[in-house]
Asks: 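Mind having a look at this structure? Questions to follow.
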Number of protein chains: 2
Amino acid sequence: MSKLSFAILGQLMRGSRTGYDLAQEFRDGLSQFWHAKHSQIYPELQKLKDLGQVKVSEVRQSSRPDKKVYNITPAGECALLEWILSPLPDAPVRSELHLRTHSIHLVPKDQAIAFYKNELARTEAEREGFEMQLARLEAAFSGIPSSENEAFSTYANLKFGMENRRQVAEWSRWLIATLKA
Amino acid sequence: MSKLSFAILGQLMRGSRTGYDLAQEFRDGLSQFWHAKHSQIYPELQKLKDLGQVKVSEVRQSSRPDKKVYNITPAGECALLEWILSPLPDAPVRSELHLRTHSIHLVPKDQAIAFYKNELARTEAEREGFEMQLARLEAAFSGIPSSENEAFSTYANLKFGMENRRQVAEWSRWLIATLKA
DNA sequence: CCTAACATGTAATCGGTTACATGATTCT
DNA sequence: AGAATCATGTAACCGATTACATGTTAGG
């Protein structure tokens with residue numbers, strides 16, 4: 001079973017969803033750590049259904065087109081729980097930013113500075129986004145959600161995102177300053 | 001042209017290399033930010049040759065099997081320089097660690113703690129590796145290499161790697177402490 | 001009427017991994 | 001003789017993206 005399968009099961013553990021719902025979530029919130037398009041999600045849901053990890057119910061709608069609502073099965077739940085803490089394979093890293101940085105000595109300094117200033121602005125914007133989401137979660141739960149709550153998992157990842165953007169921003173600032181010197 | 005092409009051109013800007021040399025580098029040092037196996041590298045070198053971005057010379061050896069040595073051409077150099085500062089597309093992120101963290105509220109606390117302690121140890125080991133490489137570079141150049149030197153690019157990426165592992169480690173420690181509480 | 005959002009699929013292609021395949025040379 | 005390293009390739013498969021394809025409902 002692929003990582004996408006577990007990504008979907010993880011979402012279905014939080015409640016019923018259609019393929020369309022999942023596609024939206026993978027485009028927005030989840031995009032911090034996982035990505036998928038509808039063209040990958042629909043076939044994957046079929047596979048999960050064939051494996052008995054999810055079940056589907058067709059829902060007639062009058063105000064919207066009909067839809068297929070997916071739910072996780074006990075078997076799916078079991079597979080998900082087993083996967084979460086299983087040994088984590090070390091994934092190959094691929095960062096285009098650092099691939100470019102690896103050749104940064106070849107380009108004119110002023111242009112390099114402009115490039116990283118642009119990246120810095122992007123990173124700061126992302127960090128602010130995470131900070132706002134974190135603040136909203138903290139407000140809703142009057143602090144850190146308890147670790148049995150699904151909001152805790154969300155909180156932990158948002159916190160990571162925020163700290164990570166801070167680190168990237170600091171490195172960018174160091175690089176800009178060093179190129180200027 | 002693919003990112004791998006530019007990754008290869010970037011290495012060839014640092015000197016002549018065989019496909020075998022490149023495969024070693026992508027497995028070891030470059031693995032911090034890019035990855036490739038020989039099965040991908042050999043065909044890619046063919047493509048680059050057909051595009052006139054690299055040239056090849058066959059070298060007869062007596063103490064080793066014969067080999068094909070690749071060099072970047074002026075056209076390849078031009079393509080590389082143009083790519084380095086071109087607009088950076090935002091790449092889809094996929095982190096299995098954070099995909100799992102997204103469902104961490106589902107598993108027993110003590111097992112989760114053990115899992116992240118293990119990750120923490122990995123991360124610390126990686127950070128120490130980067131720190132040692134950084135220290136060696138600093139010693140060799142009596143400080144930070146100048147920004148026109150290829151060692152500067154290497155230095156910048158090593159510094160990023162070190163700071164990044166520090167950030168990941170700090171987050172892991174926070175997560176472990178919070179799960180314990 | 002037209003556009004946007006809802007909703008679900010398939011096909012072609014691409015980048016990357018795993019496995020298959022071969023052979024030279026050195027060192028133990 | 002056998003293992004390790006050097007050296008170069010191909011083929012099958014898989015995960016993911018882009019493009020193709022279709023149809024509904026709501027709202028301006």
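Sequence lines set the chain letters: A, B, ... in the order given, protein chains first and strands last, and positions in each chain run from 1.
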Asks: For A:E96 and C:dG15, what is the distance between atoms CD and C1' respectively, to the nearest whole Å?
Replies: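 Answer to the nearest Å: 14 Å.
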Asks: So if I take every side-chain heavy atom of A:P43 and compare against D:dA7, C:dT10, C:dA5, which nucleotide ends up nearest?
Replies: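 Side chain of A:P43 sits closest to C:dT10.
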Asks: Counting only side-chain nitrogens and oxygens, does A:K67 get under 4.0 Å of the OP1 or OP2 atom of D:dT24?
Replies: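 No, A:K67 has no side-chain N/O under 4.0 Å of OP1/OP2 on D:dT24.
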Asks: When the distance from CZ of A:R60 to P of C:dA7 is rounded to whole Å, what number comes out?
Replies: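 Interatomic distance, CZ of A:R60 to P of C:dA7: 15 Å.
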Asks: Between the side chains of B:R173 and B:E124, is the shortest nitrogen-to-carboxylate-oxygen separation below 4.0 Å, so that they form an ion pair?
Replies: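 So B:E124 pairs with B:R173 through a salt bridge.
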Asks: Does D:dA7 have OP1 or OP2 under 4.0 Å away from a side-chain N or O of B:Q61?
Replies: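 Yes, within the criterion.
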Asks: May I have the distance from B:I8 (atom CD1) to C:dG15 (atom P), rounded to whole angstrom?
Replies: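 One finds 12 Å between P of C:dG15 and CD1 of B:I8, rounded.
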Asks: With respect to the phosphate group of C:dC6, does any side-chain polar atom (N or O) of A:Y20 fall under 4.0 Å of OP1 or OP2?
Replies: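 Affirmative; the distance criterion is met.
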Asks: Look at A:Y42 and C:dT8 and indicate whether a side-chain polar atom (N or O) is within less than 4.0 Å of OP1 or OP2.
Replies: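 Affirmative; the distance criterion is met.
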Asks: For each nucleotide in nucleotides 16-22 of chain C, reading 5' to 3', give B when a protein heavy atom comes within less than 4.0 Å of its base, S when such contact involves only the sugar-phosphate, and - otherwise.
Replies: SBBB---
Asks: Ion pair present between A:E131 and A:R166, side-chain N to carboxylate O less than 4.0 angstrom?
Replies: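 Yes, A:E131 and A:R166 are salt-bridged.
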Asks: Please report, rounded to the nearest Å, how far the C1' atom of D:dC6 is from the CG atom of B:L22.
Replies: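 Those two atoms, CG and C1', are 15 Å apart.
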Asks: Separation of B:K49 atom NZ from D:dG9 atom P, in whole Å?
Replies: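 To the nearest whole Å, that distance equals 9 Å.
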Asks: Both A:S62 and B:D66 contact DNA chain D. Taking the nearest nucleotide for each, which residue is further toward the 5' end?
Replies: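 The residue whose closest nucleotide sits nearer the 5' end is B:D66.
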Asks: In Å and rounded to the nearest 0.5 Å, what is the CZ to OG distance from B:F160 to A:S95?
Replies: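 Atom-to-atom, B:F160:CZ and A:S95:OG are 6.5 Å apart.
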Asks: Calculate the interatomic distance between B:L45 atom CG and D:dT10 atom C1'; express it in whole Å.
Replies: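 B:L45 atom CG is separated from D:dT10 atom C1' by 15 Å.
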Asks: When rounded to the nearest 0.5 angstrom, what distance separates OG1 in B:T101 from OH in B:Y116?
Replies: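 Reported value, rounded in 0.5 Å steps: 2.5 Å.
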Asks: Whole Å only: how far is the CD atom of A:E58 from the C1' atom of C:dT8?
Replies: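 Interatomic distance, CD of A:E58 to C1' of C:dT8: 11 Å.
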Asks: Is B:Q40 close to B:S2 at the side-chain level, that is, under 4.5 Å between some pair of heavy atoms?
Replies: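 A side-chain contact is absent here, since even the closest heavy-atom pair is not under 4.5 Å.
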Asks: Output yes when A:E128 and A:R165 qualify as a salt bridge under the 4.0 Å nitrogen-oxygen rule, no when they do not.
Replies: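 No, no charged N to carboxylate O under 4.0 Å.
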Asks: Nearest whole angstrom, please: distance from the C1' of D:dT8 to the CD1 of B:I41.
Replies: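 That distance rounds to 12 Å.
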Asks: Hey, could you give me the CG/CZ distance between A:L12 and A:F6, rounded to the nearest 0.5 Å?
Replies: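 The CG atom of A:L12 sits 13.0 Å away from the CZ atom of A:F6.
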Asks: With the side chain of B:D21 defined as its heavy atoms from C-beta on, choose the nearest nucleotide among C:dA7, D:dA7, D:dT25.
Replies: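 The listed nucleotide nearest to B:D21's side chain is D:dA7.
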